[in-house]
Structure formats: C-alpha cells, structure tokens
Visitor: 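Pasting in a structure now, in structure tokens, and then I'll have a few things to ask.
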Amino acid sequence: MERTFIKDLKDHIGEHVTVQGWMQVLRDQKSMQFLVVRDRTGAVQVAHWKKGNPELAEKISAIGTESALTLSGTVVENEVVKLGGIEIQLESVTVENNAELPLPFEPFAETLPDQDFRMDWRYLDLRRDRNRLIFEIQTTLEQAMRNWWIEHNYIEMHSPKIIGTPSEGGAEVFSMPYFETTAYLAQSPQFYKQMAMSAGYEKVFEIGPVFRSDPSFTSRHMTEFTGVDMEISWVESHEDVMKELETWLTAAYQGVADKHTAQIQETFGVELKVPSLPFPRITMAEAYDVLKKLGYKLPPERKGDLDPGAERALGAYIKQEFGHDFVFVTDWPATVRAFYHMRLADKPHLTRSFDLLGRGLEITTGAQREHRYEVLKAQALEKGLSLEPLQDYLNFFKYGCPPHGGMGLGLNRLLMVMLDLPNIREAVYLFRGPNRLNP
RNA sequence: GGGGGCGUGGUGUAGCGGUUCAACAUGCGGCCCUGUCAAGGCCGAGAUCGCGGGUUCAAAUCCCGUCGCUCCCGCCA
C-alpha cells in the first residue's frame, strides 16, 4: 500500500489511491455519502453511492467526526466539487475509532472553546490547521536560526538543566531533592555559555528549556519555556552584540518569510515583514524623554526601568516614527540589571546592556559581560550577593577570558510577535504555568 | 504576592429578582432529502444555572464566603 498525500491527488486523476487522514465532515444522504477527509497537506471530498455497496454505506454512517481512517478509491475530476474540483470515489475504508469528541471540531468556527478547556484536550486542539502551522513555522524558524549560526562558525552547546547553584541568584528557582542534597532547575544557560567563552569557543548558541518559578498569571509568562541563547567573544561593546543579534534575527525572519508568508497572511492576517537593518536603537535616557513627550507616566519607584505599558508605548512610537517592529533599548541603569553586566566606562551607573522589544513586547535581554575577575567580584558584592556560591562562576574569568557578550531570547515570545498571537499559550506545544502541569 | 473580570446542557453564549427564566447556536441520536459541499428540513436526548451559606413571600438573577478559570500589575524571556 502506497499512501498518497491529499495535495498530490490532482496528479493521480483516474488512478486508484490510498489516503490516510481524519474525517472532518460526513454528509450522509439518502443515496449518497460525502466525507471530507483531511491530512496534513489538505482536505478532499470522498463520495460513495450507497446502492453499490450497502455494507460499506453502513460502515460509513457509523464513522464519528475526527476518526482516523485509511481509505482507498479512484480519483476523479469533477468541477462541481467546490473543494479543489476533485473527489475520491470510495472503494474501502478502515476506521481507527468512532468515539464522540469532547470538544467541537469546527474548522470554520468563529468561537472556540475556552482556552483552559482546550488545554485539557490539547492533542485535539493541536489538530486544527492553524495550530499545526504554528509549529511548522517554529520548525522553519529554528532551522533558519541554526543555518545562520552554522554558517558563522558557532558551536552548539547543551548546558545542564540540573544545577547546584541558582544561576542568577533570585528566588524564582525551582528546587528539588537530589540524592543527599538539593538541586535547582536552570533559569538560564547564562553562566555556562560564559564558561564557553573562557573555554575559547568564541561563538556559541543553545536552544533549550528554561525554568522560572514565578507565580505569574499573564498572557506572556510560563514556568517552562524555550530559551534561545547566544554568546560571542572579543566584543568591544554591547553594540557588537546587537549587530550580531539583529543580523541573525533578520536571517531567521527571512527563512520563515521564504516558506510561509502566504500561509501567515491567510491564517493569522499578518503581513510577515523581514525587519530592515539596522534596528532602531534608543538609550534608556532617550526612552524616558520619548515617554514624557507621549505623556506616559512611569511610577517614580521604577528608577530608570520600564513597565509593560511603557514598553508597549515605546513599541507603538517606534512603529509610527520608523515603521519598525523592533527596537533596542540600551544603557540600562546598573540598579536594575544583573551584576555581570559591564558598566559604561564613563558612566559607571549605566550598563552596556540592552533589551529588544518586538511590537512592544520584551523578547530579549543582552549585554556585554563583565569579564574582569576583580571588577565582577566587586559588582557582585555591591549587589549584596555572597561570593561563596558564585565562586565556580567567578573562577571562569581568572585564567584568560576574552571580553564577550550575548543575549537570551524567548522563542515562544518571538512567535507571538511574529504571528501576532494574543497569548503565549498558543505559541507553545504544551503550556506550563503555576496551575498547569497536565497533560 | 496585589487588583479587576468571569463561572448557565458536550461546547459557545442569552437571560441578571417573579410573568414562556431555563432560551439560542453548535455538537450528539433518529427520520426525511438523486451530488452534497461550513448542506438543508423535521423530531429527540442533554443543565437541579461551580460549590456553601444568607437576604426575600420568591434567587441562575442580590449579598457573603469558597473553589476554579482568566486578564492586568509585580517579575521576567
């Protein structure tokens, strides 16, 4: 038995074929039966005259919506058929199940079941073309990212996710028993990609899971998500990191655009635009001026930081002024940044760091790192961190670590921005949040 | 952790003190229909309106508590 994909049926007119897929609709009439069968490549109408084979007719009548089936028949052209002008005249069918669906499966429905309910039945929700397309796009996106890295001599790393010391110091770490001691789930590959700089790998990337124990109930947070990290050596400033990042991200967009532009327009109503280079850049000080001009009021306790509303306002401003979806906000105050961010030489209260906003959503944080052992130690102490648990990390910089920098990007957030998805739960295969561990 | 919103048949909604208030759509089951196509027509099953308490002659409807979901803020990617 050789399977034919539905998109290829037009090349098999008059031939006997076998098709495998799901039964989307059954129209069971007095003398005829019509099925719409869908596989990953499309949908086709299948017709059967009851009189010819009453036994088969009875079998067809019993097929439940969304049953998986293998069918064979002859492909015929028929311009009356609205679905592609062809149909299969059915000869036999094998049905894998007939159970009633717990949720409606309506490809054209305007209202979907509640988000939480759909997550309970995620494996059925994922069958919808729109959802499958998201993960086809994700696959293309990751491949384009990877192609670029490989062309530019990056080394891929897989750092451990079970770690002995919280990697960025906060309370937002998951801990777990680990034999006679306690282990933590990595909040980021931050320390390990910097270790690769000390190891002399010069340019590394990693795509891997990231765990955050934040009790965040928003449309853009998860307790486990896919992090995309890069780190490069011999940079002179965070500007070098931003240049690398924007070039790479543009290539990733190009990869998706080459393959999916039409589908994205059709399914998400979004015109996928490959961002132009360079991305707009704005210092935090300038951002404050813009926000003041826009009349956006930041609470005084923010102290040089932004809040989500300010980020959205900035994103809209950049879109209006520069026609760009992305903006780098640079030179963040040291008070709101991690201790390992390098400071500006002439303004030590500011860091050589940046966030990348996509359509007003924070998708990336990056910086040049402080690679000088003594300075790094001093900055850790200044933040009130104790050096002892950090010692393994600090040691990376003792024996000839080049100046370096890098960034971390949320893959799911990037998909949200790219496809204009309203909720990160749509941009992940299975959502994990404070109240969601199953399925 | 703080704040707002929502919880009505399988699913999505309407009703928001009494009077067709338990409805509509869809799905499901049955019957009808010579080719349908998001098919159509008729009939039917299916909800003590999240749960507990209170107010009232009367509660899906008002109040309190509780649980669940959701969004925003905090935190971040």
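In what follows, chains carry the letters A, B, and so on, assigned in the order in which the sequence lines appear, proteins first and then strands, with residues in each chain numbered from 1.
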Visitor: Give the stems involving RNA chain B, where a stem is 3 or more consecutive Watson-Crick or G-U wobble pairs (i with j, i+1 with j-1, and so on) under 3.5 Å.
Guide: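 So the stems come out as B:1-7 with B:67-73, B:10-13 with B:23-26, B:28-32 with B:40-44, B:50-54 with B:62-66.
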Visitor: Run the salt bridge (Lys or Arg N to Asp or Glu O under 4.0 Å) test against A:Glu58 and tell me which residues pass, sequence neighbours left out.
Guide: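 Partners of A:Glu58 under the salt bridge (Lys or Arg N to Asp or Glu O under 4.0 Å) test: none.
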Visitor: Determine the contact category for A:Leu103: base if any of its heavy atoms lies under 4.0 Å from a base atom, sugar-phosphate if only primed atoms, P, OP1 or OP2 are that close, otherwise nothing.
Guide: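 If one applies the 4.0 Å heavy-atom cut-off, A:Leu103 turns out to touch nothing in the nucleic acid.
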Visitor: Taking any heavy-atom pair under 4.0 Å as a contact, classify A:Phe217: base, sugar-phosphate, or nothing.
Guide: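 Base contact.
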Visitor: Please name all residues satisfying ring-ring contact (aromatic ring centres under 6.0 Å, His included) with A:Tyr201, sequence neighbours left out, ordered by chain then number.
Guide: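 Listed in chain order: nothing, the list is empty.
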Visitor: Quick one: is B:C76 close enough that its OP1 or OP2 comes under 4.0 Å of any side-chain N or O from A:Gln187?
Guide: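 Looking at the OP1 and OP2 atoms of B:C76, neither is under 4.0 Å from any side-chain N or O of A:Gln187.
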Visitor: May I ask you to evaluate whether A:Arg436 reaches the phosphate of B:G68, defined as a side-chain N or O under 4.0 Å from OP1 or OP2?
Guide: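 So the side chain of A:Arg436 is outside the cut-off, no N or O lying under 4.0 Å from OP1 or OP2 of B:G68.
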Visitor: Would you mind classifying the nucleic acid contact of A:Met407 as base, sugar-phosphate or nothing, using non-hydrogen atoms under 4.0 angstrom?
Guide: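 If one applies the 4.0 Å heavy-atom cut-off, A:Met407 turns out to touch nothing in the nucleic acid.
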Visitor: Which residues in residues 415-434 of chain A have a heavy atom closer than 4.0 Å to any atom of RNA chain B?
Guide: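 Listed by number, they are A:Asn423, A:Ile424, A:Arg425.
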Visitor: Return yes if the base of B:G74 and the side-chain atoms of A:Ser216 contain a donor-acceptor N/O pair under 3.5 Å, otherwise no.
Guide: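 Yes, the side chain and the base share a sub-3.5 Å donor-acceptor pair.
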Visitor: When you get a sec, tell me which of B:G35, B:U70, B:A77 is the closest nucleotide to the side chain of A:Asn78?
Guide: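 Comparing B:G35, B:U70, B:A77 against the side chain of A:Asn78, the answer is B:G35.
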Visitor: Taking only the C1' atom of each, what is the distance from B:U56 to B:C63 in whole angstrom?
Guide: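 12 Å, rounded to whole Å.
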Visitor: Checking contacts here: which listed nucleotide (B:C71, B:C28, B:U36) is nearest the side-chain heavy atoms of A:Gln115?
Guide: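 Out of B:C71, B:C28, B:U36, the nucleotide with an atom closest to A:Gln115's side chain is B:C71.
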Visitor: Could a donor-acceptor pair under 3.5 angstrom be found where the side chain of A:Gln33 meets the base of B:U36?
Guide: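 For A:Gln33, whose side chain was compared with the base of B:U36, there is no donor-acceptor pair (under 3.5 Å).
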Visitor: Check the interface with nucleotides 39-41 of chain B: list each N/O to N/O pair with the protein under 3.5 Å, or write none.
Guide:
{"residue": "B:A39", "atom": "OP2", "partner": "A:Arg27", "partner atom": "NH1", "Å": "2.1"}
{"residue": "B:A39", "atom": "N6", "partner": "A:Gln29", "partner atom": "OE1", "Å": "3.3"}

Visitor: Of all the heavy-atom pairs spanning A:Arg212 and A:Ser188, show the shortest one and how long it is.
Guide: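 Taking every non-hydrogen atom into account, NH2-CB, 4.1 Å.
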Visitor: Can you run down the ring-ring contact (aromatic ring centres under 6.0 Å, His included) pairs that involve residues 11-46 of chain A, sequence neighbours left out, and say none if there aren't any?
Guide: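 Sorted result for residues 11-46 of chain A: empty, none.
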Visitor: Among B:C72, B:U70, B:C76, which is the nearest nucleotide to the side chain of A:Thr218?
Guide: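 When the side chain of A:Thr218 is considered, B:C72 is the closest of B:C72, B:U70, B:C76.
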Visitor: Flag as yes if A:Phe34 stacks onto the base of B:G35 (centroids under 5.5 Å, planes under 30°), otherwise no.
Guide: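 Taking the rule of under 5.5 Å and under 30°, the ring of A:Phe34 does not stack on B:G35.
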Visitor: Using a heavy-atom cut-off of 4.0 Å across all strands, would you classify A:Pro215 as base, sugar-phosphate, or nothing?
Guide: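 A:Pro215: base contact, heavy atoms under 4.0 Å.
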Visitor: Rounding to an integer number of Å, can you tell me how far A:Asp114 CG sits from B:G12 P?
Guide: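 These atoms are roughly 6 Å apart.
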Visitor: From C-beta outward on A:Lys30, which listed nucleotide comes closest to its side chain: B:U34, B:U70, B:G35?
Guide: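 Of B:U34, B:U70, B:G35, B:U34 is nearest to the side chain of A:Lys30.
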Visitor: Hey, does A:Val81 reach any base, or is it just sugar-phosphate, or nothing, if we go heavy atoms under 4.0 Å?
Guide: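 Base: the residue A:Val81, judged by heavy atoms under 4.0 Å, touches a nucleobase.
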Visitor: Give a yes/no on whether any side-chain N or O of A:Thr365 is located under 4.0 angstrom from OP1 or OP2 of B:A77.
Guide: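 Answer is yes, contact under 4.0 Å.
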